[in-house]
Amino acid sequence: MTSDRAAGLAESARALAAGEVTSRGLVAEALARIEATQGSLNAFRVIRAEAALAEAKAADAELAAGARRPLLGVPVAVKDDMDVAGEPTAFGCCGEFPPVAEDGEAVRRLRAAGAVIVGKTNTCELGQWPFTEGPAFGATRNPWHPDHTPGGSSGGSAAAVAAGLVPAALGSDGAGSVRIPASWTHLIGIKPQRGRISTWPRGESFQGITVNGTLARTVADAALLLDAAAGNHDLDPHRPPAVNASEAVGRDPGRLRIALSLKPPFTAVPARLQPEVRARVVRLAEKLGALGHFVEEADPPYGQIGLTFVPRATVGIAEWAGDAPFPALLDPRTRSAARLGRFLGGAPLRAARRAEAVLHRRIGAFYESYDVILAPTTAAPPPRVGAMLELGGFATDRAMIAACPYAWPWNVLGWPGVNVPAGFVDGLPVGAQLLGPANSEPLLISLAAQLEADLRWYELWPPQQGETVPAPVV
């Protein structure tokens, strides 16, 4: 195990349990990597150096006494929309936020599994956009090419994992915010079933469209972090049946019927899949066919699903914005979205929530013919840093939809999706989504692991200083 890049999550846990390394050593190395890259990647909003080293010392004492927990002593990171006791939860916003008193449920469960939280990663303001930059913290950059964004809104978590600062991290996904940055940084990104990882103290973050998910370099590591963080607070409104994600990694998925869906769902503004991205996703579909699966082009009956997304998203922004201690410092686009959310918070929101059951039945019927959908995660490679930062509200929406029209329907449905690497366009990563019906994480994870075993995408790392950017393909 070397200090220039983090070992994987499972490997770190194994080495700690075997006594080959210490938690204090791993955590100190992670902190050193984070500090060394803050001026370039800028992945973290909060770095818990003193607290994390103290927690690592306690973990070493437990390990020496024979205690064993799934992630005992392993350094991980969480996104800055999650509460970590004693730290602020600024969620990308400007201003001095007070420290929170208690861990959120997902963080509490990570700690119960033994993980050491080394810091909180950057996110755009209230998680609204597929880039991670703003006046509160500057720009987080893509380890594969620092002129480009890692995506958003979990861009800090994605950059930290892709660069090898930490072995894995939690993010959140309200319109693709785990899957999009995973696709643009060559990672596995699991958006689980709604309620799989608690969003408490908000039982329904963004009116139920946002879930917490995992980012890692391998399917096994993403699944291990999912198992560690999964579970519910007593007051959570969504409590799906338990799954064993790690067990699914080694399971043969069988011969599956896979729908290759290249058509974007209906959006109010045009969205076009770039040919280079299409070629990478089609190549992945051909690989699935070569592995024995039945693959054909088919699109699920999305209909006007977008009409149900807007009220839930904007009401969620209004709820979060209402808790900001300095509302005057919020981005004008945030204030505009919050105003719309307050307007849509009555009958339009109730209608949007009622429509979910209809969508479940209609799109669920598609799974009578297919087991899994394969779709692009984004329509384009990651844009340059700053490309969307200064745009107005409508221009931002147009640019966002043009780049990322594929991910958000699964947030309305609340169903699982997994981003897998699909290759590179001009040295920049792009990804594809494996999408399933309710509670299908084991199936999606087993299929992703089968692809990974064949394609071994985890062997590729972003270039370090002085290296050239590779341009491999699937």
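The line from OG of Ser440 to CD of Gln193 is 7.5 Å long, rounded to the nearest 0.5 Å. The CD atom of Glu441 lies 4.0 Å from the CZ atom of Arg196; values are rounded to the nearest 0.5 Å.
Considering Asp80, Asp81, Asp83 in turn, Asp80 is the only one that fulfils the salt bridge (charged side-chain N to carboxylate O under 4.0 Å, His left out) rule with Lys120. For the salt bridge (charged side-chain N to carboxylate O under 4.0 Å, His left out) with Glu356, the qualifying choice from Arg312, Arg361, Arg362 is Arg312, the only one to do so.
With 3.5 Å as the limit, one finds a donor-acceptor pair spanning the side chains of Ser261 and Asp299. With 3.5 Å as the limit, one finds a donor-acceptor pair spanning the side chains of Gln128 and Thr334. No side-chain donor-acceptor contact under 3.5 Å links Lys79 and Ser157. Defined by atom type and a distance below 3.5 Å, a donor-acceptor pair is missing between the side-chain atoms of Thr199 and Asn212.
A side chain to side chain donor-acceptor pair (under 3.5 Å) check over residues 371-385, counting only residues at least two apart or in different chains, returns the pairs Trp184-Thr378, Arg257-Asp371, Thr377-Asn419.
The residues Glu276 and Arg280 are annotated as not salt-bridged, no charged nitrogen and carboxylate oxygen being separated by less than 4.0 angstrom. Contact check on Glu11 versus Arg5 returns no salt bridge, with no Lys/Arg side-chain nitrogen under 4.0 Å from an Asp/Glu carboxylate oxygen.
Under the salt bridge (Lys or Arg N to Asp or Glu O under 4.0 Å) criterion, Lys191 pairs with no residue, sequence neighbours left out. In this view, Glu247 and Arg251 satisfy the salt bridge (Lys or Arg N to Asp or Glu O under 4.0 Å) rule, not counting sequence neighbours.
More than 12 heavy atoms of other residues, nucleotides or ligands lie within 6.0 Å of CD in Glu459, so this atom counts as buried by the packing criterion.
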